[in-house]
Amino acid sequence: LEVAKSNGKLHAGQFYNTVTGEAVDEIEAVLLDQGKSMIMWNEKFKRGEDPICRSFDGRVKVEGCGDGNCETCQYSSQNQKAWENAKKQNKTKPDCSMSYVFIGVDVKTNAPFRIIVSGASVANGKAFLNKLVPLLERNKMPIYATKCKFVSRQEENDQGTYYVIDMIDLAPNNLAVNPDGTRNEEKWQRFVADAVTYKKLF
């Protein structure tokens, strides 16, 4: 919709900043925090409608029709039984979908952002975390010791053409980690503070 309204200023597959109205092809970022969310929309969704159930942490609902525990809820994509029920009803997925939520700082602009990796991109988000989390645990590092790029890729299936988010080029955060692996303490502490501040903000 935003692409159609932009008179050629925006292009499909770009990352759109809802605050500034600007769009970019990719985002190089230092990640500050990562989590999950759950959201369930009316089956006959109309633009502007509120969700009928949601969770901001992917664990416990804050409002709606679910049973409260997102791992065991009858509507939740985290619950295997919900997938089985969806299949019986000829649905492609359960009614309530999980998304990955990333908070980061744009390396180019130094602006904080929150991005939701949802829908067909969830599998890519999981694959990225399967690389990231063991790396952090093995080296006993916080998430902001690394950086990555968010890019988009066009895909197509029998339901149409769409874009998915990929997270690529996982690397040490060279803005705060020196080539020898030691920390630039002043810059490191800035990311420590940013992680606390922006997690509360978003």
Side-chain angles (χ1 to χ4, degrees), residues 1-18 21-29 31 34-59 61 64-66 70-104 106 113-134 147-170:
L1 180 62
E2 297 296 342
V3 171
K5 289 163 53 180
S6 73
N7 294 320
K9 293 180 181 179
L10 304 179
H11 303 285
Q14 289 187 307
F15 294 94
Y16 178 66
N17 186 321
T18 58
E22 297 174 328
V24 294
D25 294 326
E26 65 178 31
I27 303 172
E28 184 179 13
L31 298 178
Q34 179 275 322
K36 296 178 182 178
S37 68
M38 299 289 300
I39 195 161
M40 179 176 172
W41 300 101
N42 192 313
E43 193 168 347
K44 296 180 180 179
F45 172 74
K46 294 181 181 178
R47 187 174 175 83
E49 282 186 338
D50 291 330
I52 57 178
C53 197
R54 74 165 71 189
S55 166
F56 293 129
D57 63 6
R59 296 192 296 270
K61 77 171 184 181
C65 58
C70 295
E71 291 186 356
T72 60
C73 178
Q74 68 268 33
Y75 303 115
S76 172
S77 62
Q78 295 189 61
N79 182 357
Q80 182 58 37
K81 289 183 179 179
W83 283 95
E84 293 169 3
N85 290 335
K87 187 175 182 180
K88 291 175 184 177
Q89 298 171 36
N90 293 317
K91 295 180 179 180
T92 58
K93 59 184 180 62
D95 295 327
C96 192
S97 299
M98 187 193 75
S99 301
Y100 292 108
V101 181
F102 293 93
I103 297 172
D106 187 324
F113 67 90
R114 178 176 181 264
I115 189 168
I116 299 174
V117 177
S118 61
S121 300
V122 166
N124 295 343
K126 183 176 182 180
F128 173 73
L129 289 171
N130 285 341
K131 295 177 183 177
L132 175 65
V133 173
K147 66 178 184 176
C148 68
K149 286 183 181 178
F150 289 85
V151 297
S152 71
R153 171 169 45 87
Q154 187 183 82
E155 291 194 351
E156 186 174 349
N157 60 22
D158 56 3
Q159 296 181 343
T161 301
Y162 55 94
Y163 287 84
V164 295
I165 296 174
D166 273 330
M167 287 133 284
I168 64 171
D169 296 349
L170 180 62

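All heavy atoms count here, side chains included; hydrogens, waters and symmetry mates do not.
Taken to the nearest 0.5 Å, the CG atom of Asn85 stands 9.0 Å off from the CD atom of Gln74. Lys44 contributes atom NZ, which lies 11.5 Å from atom CD of Glu49 (distance to the nearest 0.5 angstrom). Going from atom OH of Tyr100 over to atom OG of Ser118 covers 12.0 Å, rounded to the nearest 0.5 Å. Within the model, atoms CE of Met38 and CG of Asp57 stand 10.5 Å from one another, a figure rounded to the nearest 0.5 Å.
For Glu43, the CD atom sits in a loose shell: 12 or fewer heavy atoms of surrounding residues, nucleotides or ligands are nearer than 6.0 Å.
Evaluation of the salt bridge (charged side-chain N to carboxylate O under 4.0 Å, His left out) rule for Asp166 yields Arg153 as partners, not counting sequence neighbours. In this view, Glu26 and Lys149 satisfy the salt bridge (charged side-chain N to carboxylate O under 4.0 Å, His left out) rule, not counting sequence neighbours. In terms of the ring-ring contact (aromatic ring centres under 6.0 Å, His included) criterion, Phe128 has no residue partners (sequence neighbours excluded). For Arg114, there are no salt bridge (charged side-chain N to carboxylate O under 4.0 Å, His left out) partners at least two apart in sequence or on another chain. For Lys36, the salt bridge (charged side-chain N to carboxylate O under 4.0 Å, His left out) criterion is met by no residue, not counting sequence neighbours.
Annotation for Ser99 and Ile116: closest pair CB-CG2, 3.5 Å, computed over non-hydrogen atoms. Residues Ser152 and Tyr163 share a closest heavy-atom pair of OG-CD2, 4.0 Å. A pairwise comparison of heavy atoms in Ala82 and Cys73 identifies CB-O, 4.4 Å as the closest pair. Minimum heavy-atom separation, Thr72 to Asn79: O-ND2, 3.0 Å. For the residue pair Leu31 and Phe102, the shortest heavy atom distance occurs at CD1-CD2, 4.0 Å.
The closest side-chain heavy-atom distance from Cys65 to Tyr75 is below 4.5 Å. Looking at heavy atoms from C-beta onward, Ser37 lies out of side-chain contact with Phe56 at the 4.5 angstrom threshold.
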- [ ] Take Met167 and Val117 through the test side chain to side chain contact (heavy atoms under 4.5 Å, CB included) and record every step on the way to the result.
- [x] CA-CA 10 Å; Met167 287 133 284; Val117 177; 4.3 Å; yes
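Counting only residues at least two apart or on different chains, the salt bridge (Lys or Arg N to Asp or Glu O under 4.0 Å) pairs with a member in residues 79-93 are Lys91-Asp95.
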